[in-house]
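Heads up: the structure comes next, in structure tokens.
Quick note on labels: first sequence line is chain A, next is B, and so on, each numbered from 1.
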Amino acid sequence: MDSFTKDVIDNIKAIPEGKVATYGQIAKLAGKPRGARQVARILHTMSEKHDLPWHRVINSQGKISLQPPERQAARLIAEGVEVTNGSRVQLKQFQWEKDDDLYDLWMKG
DNA sequence: GGATTGACATCCC
DNA sequence: CGGGATGCCAATC
């Protein structure tokens with residue numbers, strides 16, 4: 001497996017419960033701002049072999065791309081992510097922003 | 001090795 | 001906000 005794949009996997013594993021990330025976001029974190037589709041491919045291929053929180057990755061519109069969306073939606077809901085209309089997620093509210101955790105901590109403190 | 005194909009993103013209307 | 005067109009990049013055919 002190439003380093004890009006590894007980085008993608010690492011980043012996906014880093015998504016906290018109750019939050020979601022977009023394909024493009026993960027791609028960027030892994031060093032390929034234009035690699036969103038590869039991220040999607042990696043999920044499609046590797047999600048069954050590694051136990052990744054693949055359900056926390058959705059597209060930039062805040063929607064579940066996987067068809068049918070039911071399984072993924074259920075998993076998200078089980079974690080506290082609000083999924084409306086079967087596949088819709090409010091990114092404003094649930095998107096994971098990597099260094100925002102620190103920012104948030106600072107804000108509260 | 002060229003053409004096709006996506007669990008995508010972005011700009012334009 | 002919705003839908004279409006374009007860009008992107010690796011795996012597959």
Side-chain angles (χ1 to χ4, degrees):
Chain A
M1 118 164 59
D2 43 331
S3 71
F4 172 63
T5 305
K6 176 176 164 353
D7 284 345
V8 168
I9 291 178
D10 283 346
N11 279 292
I12 292 178
K13 283 204 239 171
I15 304 174
E17 264 188 36
K19 292 281 181 175
V20 298
T22 67
Y23 298 90
Q25 185 182 354
I26 295 298
K28 196 185 312 179
L29 290 176
K32 287 190 194 239
R34 312 297 161 213
R37 306 180 98 133
Q38 281 56 250
V39 172
R41 177 172 296 283
I42 291 170
L43 259 54
H44 181 65
T45 343
M46 314 298 257
S47 59
E48 296 181 5
K49 310 186 193 319
H50 306 11
D51 54 336
L52 302 174
W54 54 271
H55 50 282
R56 302 191 189 132
V57 185
I58 61 185
N59 65 26
S60 69
Q61 303 172 63
K63 283 191 306 193
I64 294 174
S65 287
L66 180 61
Q67 278 289 327
E70 300 167 12
R71 279 186 54 74
Q72 185 166 358
R75 281 165 174 269
L76 289 176
I77 292 171
E79 291 187 350
V81 176
E82 191 175 340
V83 180
T84 64
N85 211 345
S87 65
R88 200 105 196 77
V89 173
Q90 301 293 71
L91 282 183
K92 274 278 202 165
Q93 197 173 352
F94 296 105
Q95 177 165 187
W96 172 53
E97 290 165 40
K98 202 165 191 288
D99 14 41
D100 220 324
D101 281 345
L102 295 176
Y103 182 77
D104 198 49
L105 212 59
W106 173 79
M107 281 296 280
K108 288 179 185 170

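- A:Ile15 CD1 to A:His55 NE2: the interatomic distance, rounded to the nearest 0.5 Å, is 9.0 Å.
- Contact annotation: the side chain of A:Thr5 approaches that of A:Asp2 to within less than 4.5 Å [non-hydrogen atoms, C-beta and beyond].
- A distance of 6.0 Å separates NZ in A:Lys98 from CG in A:Leu29, rounded to the nearest 0.5 Å.
- Screening residues 75-87 of chain A for salt bridge (charged side-chain N to carboxylate O under 4.0 Å, His left out) gives A:Arg56-A:Glu79 as the qualifying pairs, with residues at least two apart or on separate chains.
- To the nearest 0.5 Å, atom CD1 of residue A:Ile9 and atom CE of residue A:Met46 are 4.5 Å apart.
- Looking at residues 80-92 of chain A, you'll see that no heavy atom sits under 4.0 Å from any atom of DNA chain B.
- Remark: C1' of B:dA7 and CZ of A:Arg71 are 14 Å apart, rounded to the nearest angstrom.
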N/O donor to acceptor pairs below 3.5 angstrom from side-chain atoms of residues 58-71 of chain A, sequence neighbours left out:
residue	atom	partner	partner atom	Å
A:Asn59	OD1	A:Gln61	N	3.1
A:Asn59	OD1	A:Gly62	N	3.4
A:Asn59	OD1	A:Lys63	N	3.0
A:Asn59	ND2	A:Ser65	OG	2.9

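- The backbone N or O of A:Val57 lies less than 3.5 Å from a partner atom in the side chain of A:Gln72, making a donor-acceptor pair.
- Regarding A:Gln61, its CD atom lies at a distance of 13 Å from the P atom of B:dC11, rounded to whole Å.
- Taking only side-chain nitrogens and oxygens, A:Ser60 comes nearer than 4.0 Å to OP1 or OP2 of B:dA9.
- For A:Asp7, the salt bridge (charged side-chain N to carboxylate O under 4.0 Å, His left out) test picks out no residue, with sequence neighbours left out.
- Within 6.0 Å of NE2 on A:His44 lie no more than 12 heavy atoms contributed by other residues, nucleotides or ligands.
- Heavy atoms of A:Ser47 sit under 4.0 angstrom from at least one base atom.
- Scanning DNA chain B for stems, defined as runs of 3 or more consecutive Watson-Crick or G-U wobble pairs whose donor-acceptor distances all fall under 3.5 Å, gives the following ranges: B:2-6 with C:9-13, B:8-13 with C:2-7.
- For the atom pair A:Ile26 CD1 and A:Asp10 CG, the distance stands at 10.5 Å (nearest 0.5 Å).
- For residues 26-44 of chain A, proximity to DNA chain C is found at A:Lys32, A:Arg34, A:Arg37, A:Gln38, A:Arg41, defined as any non-hydrogen atom under 4.0 angstrom from a strand atom.
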